[in-house]
Amino acid sequence: MPSFVSLNLNKDFLRLYHKGKSCAKPTLVVYCMKNRLGLCRVGITTGKKIGGAVQRNRARRVIRAALQNTLCAHDLAGWDLVFVARTKTTRVKEPVVRAAMEDALQTLGVIA
RNA sequence: AGAGUGGAUCGGGCAGUCGCGGGUCGCAAGACACGAGGAAAGUCCGAGCUCCAUACAGCAGGGUAACGGCUAACGGCCGCCGAGGGUGACCUUAGGGAAAGUGCAACAGAAAGAAACCGCCGCUUUUGCGGCAAGGAUGGAAAGGCGAGGUAAGAGCUCACCGGCGCGCAGGAGACUGCGCGGCCAUGUAAACCCUACCCGGAGCAACACCGACCGGAUGCAGCAAUGCGCGUUCGCUGGACGUAUAUCCAAAGGGUGGCUUGAGCCUGUCGGCAACGGCAGGCCUAGACAGAUGAUUGCCUUCAAUGACAGAACUCGGCUUACAGAUCCACUCUCUUU
RNA sequence: GGCCCGUUGGUCAAGUGGCCUAAGACUCCGGCCUCUCACGCCGGCAACAGCGGUUCGAAUCCGCUACGGGUCA
């Protein structure tokens, strides 16, 4: 099973927001950037705007499940990724988020 | 049958596949069981725990407010009294003191506290003097209410009933209730200042303890000394206490470890109590993360429906308050019909 | 997570329980002035976060709720 390391520094998030490439879908926003570590680092952002703790947990879990399924099919090593949840993410099922995620990653050139 | 009152409970269950968190076993691969709530929420009260004198005094400040009990404690809960509402079951109630004092009561009104504008009566006479507070008018509130006697006119001036106050007797654990007697003096506001009684030291797990790389900081003045001033020890102020030089203290990372879950714990039975609650016996172990774990998907069953309410533990408890689709149960009240 | 603070027209804001039918400024609207615009002058619209309580009377006092901010590693 390919794994990932979580991003937890505000510095890394800001670097991706400012210098990374982005692609927005109705259920998801993706920021990406290459790193030289040879492994995949991922951060998930669920802002206060999308709801309370229940909605934020729901969005984070759905994104994480979609990421697991995407990692089974593609190799993302060498990339830093940040996923930002939107309001629609809380009302949507996992395959919808996975489709949006793969579509966005394809647009950004992360996966072929 | 209809309408209603009070209380309690549930918040789907089972199974399969992929994945997550900490725990136990294992060299490892992996295996095993466990894994959000009734409000986890708001942070409105009360505690445990930790540090600061195992915390002390005064002032300031804050809180509570009928009575009896429960509790570790409480502003909570139970019972009960008074007041108010309802035909009733039942519900609501920050419910001490206004005769300790101060303030306020706009506008209106003569007057908002020891009153007299219109008015009533007597004398005098066309203007005054004296008596009165029944009636009018204003107001949220007008000097106990209503009736009778009485009078020049009137007035608790006198009397009956009611209301309030004081005293005595009886009942009760007490708040209080009932009866009798007395005299009629007291407008409202204390969620205005205040008074009385009782309670509260401060801060909060981002507390605190230990380890800790790099770069750093503090240890003053007088005196032989005791000591004094200063400084520090978390507190709004003052006092008081403690410490004050060659080894200690402070600070210190994208820090690390502990604190971190066995506890005023839960379930069942029984006994005491109207109840809150307490005693005894037996059984059980039931999240512990540190960017933060429960998701995805499939099938079956119960169901009107379960894809669907409100909603996610962050040191831990006891309460309060607020949010909540739907469902179930228990007790009771009123009305109608039938027997 | 803990501890504090605030909410008054579209914006900034003042406001001793009664004179509040809520001051003022900017904005907006209408009119006057001007050949026209600006400036100026006159007039107008527009608010006490919500619910409940205390009081004769609440923007003000007391609770609860909602929203917005600050601070602590």
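Taking only side-chain nitrogens and oxygens, A:Lys93 comes nearer than 4.0 Å to OP1 or OP2 of B:U297.
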Provide a list of protein-nucleic acid N or O atom pairs under 3.5 angstrom, restricted to nucleotides 310-314 of chain B.
| residue | atom | partner | partner atom | Å |
| --- | --- | --- | --- | --- |
| B:G312 | N7 | A:Asn57 | ND2 | 3.0 |
| B:G312 | O6 | A:Arg61 | NH1 | 2.9 |

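The CD atom of A:Glu94 sits 13 Å away from the P atom of B:G295 (whole-angstrom rounding). Taking atom CG on A:Asn69 and atom C1' on B:U17, their separation rounds to 12 Å, with Å as the unit.
A distance of about 32 Å separates the C1' atoms of B:A241 and C:C4, rounded to the whole Å. Comparing the P positions of B:C193 and B:G171 gives an interatomic distance of 45 Å, to the nearest angstrom. Separating the P atom of C:C20 from that of C:G10 is a span of 23 Å, rounded to the nearest Å. Only the P atoms considered, B:U219 is 15 Å distant from B:U246, to the nearest whole Å.
Annotated as anti: B:G119, whose O4'-C1'-N torsion sits more than 90° from 0. A syn base is found at B:U261: its glycosidic angle is within 90° of 0. In this structure, B:A36 shows a glycosidic angle within 90 degrees of zero, which is the syn conformation.
Of the nucleotides present, none pairs with B:U87 by Watson-Crick or G-U wobble criteria with both distances under 3.5 Å. Here B:G230 sits opposite B:U244 as a Watson-Crick or G-U wobble pair (both hydrogen-bonding atom distances under 3.5 Å). The base-pairing partner of B:U177, taking Watson-Crick or G-U wobble contacts with both distances under 3.5 Å, is B:A170. Across all strands shown, B:G149 forms a Watson-Crick or G-U wobble pair, both distances under 3.5 Å, with B:C157. The partner of B:G295 is B:C18, judged by Watson-Crick or G-U wobble contacts that both fall below 3.5 Å. Base-pair partner of B:C198: B:G63 (Watson-Crick or G-U wobble, both distances under 3.5 Å).
With sequence neighbours left out, A:Thr107 forms a side-chain contact (heavy atoms from CB on, under 4.5 Å) with A:Cys23, A:Asp103. Applying the side-chain contact (heavy atoms from CB on, under 4.5 Å) rule to A:Pro26 yields the partners A:Lys88; only residues at least two apart in sequence or on another chain are considered.
Among the nucleotides B:G19, B:A293, B:U297, the one closest to any side-chain atom of A:Arg64 is B:A293.
Looking at which nucleotide of RNA chain B each of A:Pro95 and A:Arg60 is closest to, the 5′-most match is held by A:Arg60.
For residues 20-61 of chain A, the set of pairs meeting the ring pair (Phe, Tyr, Trp, His ring centres under 6.0 Å) definition, not counting sequence neighbours, comprises A:Tyr17-A:Tyr31. Among residue pairs with one or both ends in residues 92-101 of chain A, those qualifying as side-chain hydrogen bond (donor to acceptor under 3.5 Å, both in side chains) are A:Asn69-A:Glu94, A:Glu94-A:Arg98; sequence neighbours excluded.
Side-chain atoms of A:Thr89 come within 3.5 Å of backbone atoms of A:Thr27 as a donor-acceptor pair (strictly under, hydrogens ignored).
When heavy atoms are screened at a 4.0 angstrom cut-off, A:Arg56 is found touching no nucleic acid atom at all.
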List, one per line, each side-chain donor-acceptor pair under 3.5 Å for residues 77-86 of chain A, sequence neighbours excluded.
| residue | atom | partner | partner atom | Å |
| --- | --- | --- | --- | --- |
| A:Asp80 | OD1 | A:Asn35 | ND2 | 2.5 |
| A:Asp80 | OD1 | A:Arg41 | NE | 3.0 |
| A:Asp80 | OD2 | A:Arg15 | NH2 | 3.4 |
| A:Asp80 | OD2 | A:Arg41 | NH2 | 2.9 |
| A:Arg86 | NH1 | A:Lys25 | O | 2.9 |

